[in-house]
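In what follows, a single structure is set out as structure tokens and then discussed.
Throughout, protein chains are lettered first and strands after them, A, B, ... in sequence-line order, and every chain is numbered starting at 1. Side-chain atoms are counted along with the backbone in the values below, which use heavy atoms only and exclude waters and symmetry mates.
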2 protein chains.
Amino acid sequence: MQKKAKARTYHAHRERQRRRILDAAQSLFIEQGIERVTMAEITLSSGLQPSTMYQYFSSKDDIAWELISELLAATATRVKQRIEGAPNALAVITAFLEFMADELSGNQAAVRFLAEFDARYAHDWPVERLLTLESQIDPQPFRFFTDLIRSGIADGSLRADLDPELTMHAVMNAVIGAQRRLASLGRKVEVEYGQPVDRLFRETLRILLLGLRAPEASTIKSSNTRKRTARKRSS
Amino acid sequence: MQKKAKARTYHAHRERQRRRILDAAQSLFIEQGIERVTMAEITLSSGLQPSTMYQYFSSKDDIAWELISELLAATATRVKQRIEGAPNALAVITAFLEFMADELSGNQAAVRFLAEFDARYAHDWPVERLLTLESQIDPQPFRFFTDLIRSGIADGSLRADLDPELTMHAVMNAVIGAQRRLASLGRKVEVEYGQPVDRLFRETLRILLLGLRAPEASTIKSSNTRKRTARKRSS
DNA sequence: TCAAATTCGAAATACCATTTCGAATTTAAG
DNA sequence: CTTAAATTCGAAATGGTATTTCGAATTTGA
């Protein structure tokens, strides 16, 4: 009574089973967090037996890892779409930050999942495994960031005193850290800070951009050139 | 043969036991992370029996919570020392950020402990419990932050277009998020970003400060002489 | 000296991840 | 169609861990 679907081949069948497990686990993880989901729930929800499930994944962590890998890959694709066509370095960075804000608003649960994953595994990650993940997303992240800052300084959209080897990494870490913290704390932020998550995060991004942007680009250079107040409010 | 110390009273004895447990747990948590420490290790390390331990704390989480509470209180004290005497709002914020950087450099394990705690419990925290913690540290955090931004705008050390109700909370969240992420990832950051933790974090802070600082005010008058403030804020 | 509080020791309970194994079912291949 | 290999099932076993229980021993306060 178990096989209603007609698997043409073992391989196709295995693929389907695997996906069934991953989908079930993803829903559960995102709803409840990795910690509180039991293997029994995953097997139940995917309609398999424990013994069968362990023929596909060797542990709960194994499943979580696979899901993260897929999630990051999908995210990377969307990021690339968002930043392509940006006219200069500042625009690329702005587009990226806006992407992060939209992710937080629209996929808060997924961001929380990422945060929990990091917290759970960061300590014991084999570095190579981390690098595998990273390189899946961008084969040359160092180069990309470094070049970005350099070109921004060259085209005058970024401050001249930024450090190409350093700044973009620092900003990335801050943005990711801030985003995940907000996603993890969720509604509690509004209690702690008295402001909605989305507004807080966008204000963070605004400040960071103000710190990156070349002074001429947003406000005055010396005492009395034209002054354009940075208006970003009330959007 | 267990009582070598002469407890004058039950109460004093209980205090000592309690502290013994907390100290043992703290070392273990900070060394290995909350997750991987077992109750058996804590009881062993504190020289008690499980049954005795459960007369002091109802669970591992209970111990962790108590430790966090102490840790936050101690941190708050040090923060206050660091920021007192700062001549204006920008200086207060700068001092605070430097404090955060020093914490990361000097107590990375403790920061990682905080990060793990947040990740573990953020989802289920009863909000009241969170607020109890917060208020232990600062009875009026909203007011303080709001006033800080206001006074910085007034004395010309901060940009005029900051939002007193929002900006400082946003910066706090970003700084804490960035700090804890770096502490959690630890040495792996250097693999991922190719830069030491400390440099990355300080660069983050620099960018944030650049974003907060009033454009004219690269050098500020430390005196609070009331210069005619050019108020540009509507509403 | 006695009653209450505390601790000990050891075993018991409960939950969960993961494994084992033999029987049943499905697939691939001759 | 037949059969061997792969897969799944079902159910029970294993092992680790948190937490509890309980009676005996010890310590404290009065």
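- In this structure, the CE atom of A:M53 is 18 Å from the C1' atom of D:dA11, given to the nearest Å.
- Between A:L182 atom CG and A:L185 atom CG the span is 7.0 Å, to the nearest 0.5 Å.
- Residue B:E41 contributes atom CD, which lies 13 Å from atom C1' of D:dA18 at whole-angstrom precision.
- Crowding of A:R187 atom CZ: a count of heavy atoms from other residues, nucleotides or ligands under 6.0 Å not exceeding 12.
- Atom pair B:L48:CG and D:dT19:P shows a separation of 16 Å (rounding to whole Å applied).
- To the nearest angstrom, P of D:dT7 lies 11 Å from CD of A:Q17.
- In this structure, A:R16 atom CZ and D:dT7 atom C1' are separated by 13 Å, rounded to whole Å.
- Using a 4.0 Å heavy-atom criterion, one finds that B:T38 contacts the sugar-phosphate atoms exclusively.
- A salt bridge between B:R36 and B:E116 is absent, with no side-chain N of the basic residue lying under 4.0 Å from a carboxylate O of the acidic one.
- Rounded to an integer number of Å, the gap from B:R18 CZ to C:dT7 P is 13 Å.
- A salt bridge links B:E70 and B:R19; the closest N-O separation between the charged side-chain nitrogens and carboxylate oxygens is under 4.0 Å.
- To the nearest angstrom, P of C:dA17 lies 12 Å from CD of B:E35.
- Taking only side-chain nitrogens and oxygens, A:Q49 comes nearer than 4.0 Å to OP1 or OP2 of D:dG10.
- Residues from residues 54-69 of chain B that place a heavy atom under 4.0 Å from any atom of DNA chain D, listed by number: B:Y54, B:S59, B:K60.
- Remark: C1' of D:dG16 and CZ of B:R36 are 15 Å apart, rounded to the nearest angstrom.
- Considering only side-chain N and O atoms, A:S51 lies nowhere under 4.0 angstrom from the phosphate OP1 or OP2 of D:dC9.
- In this structure, B:Y56 and B:D62 have side chains that are not in contact, with every pair of non-hydrogen atoms separated by 4.5 Å or more.
- Distances shorter than 4.0 Å separate none of the side-chain N or O atoms of A:H13 from OP1 or OP2 on D:dA6.
- The closest side-chain donor-acceptor pair between A:R14 and A:Q17, if any, does not fall under 3.5 angstrom.
- At least one donor-acceptor pair closer than 3.5 Å links the side chain of A:Q179 to the backbone N or O of A:M100.
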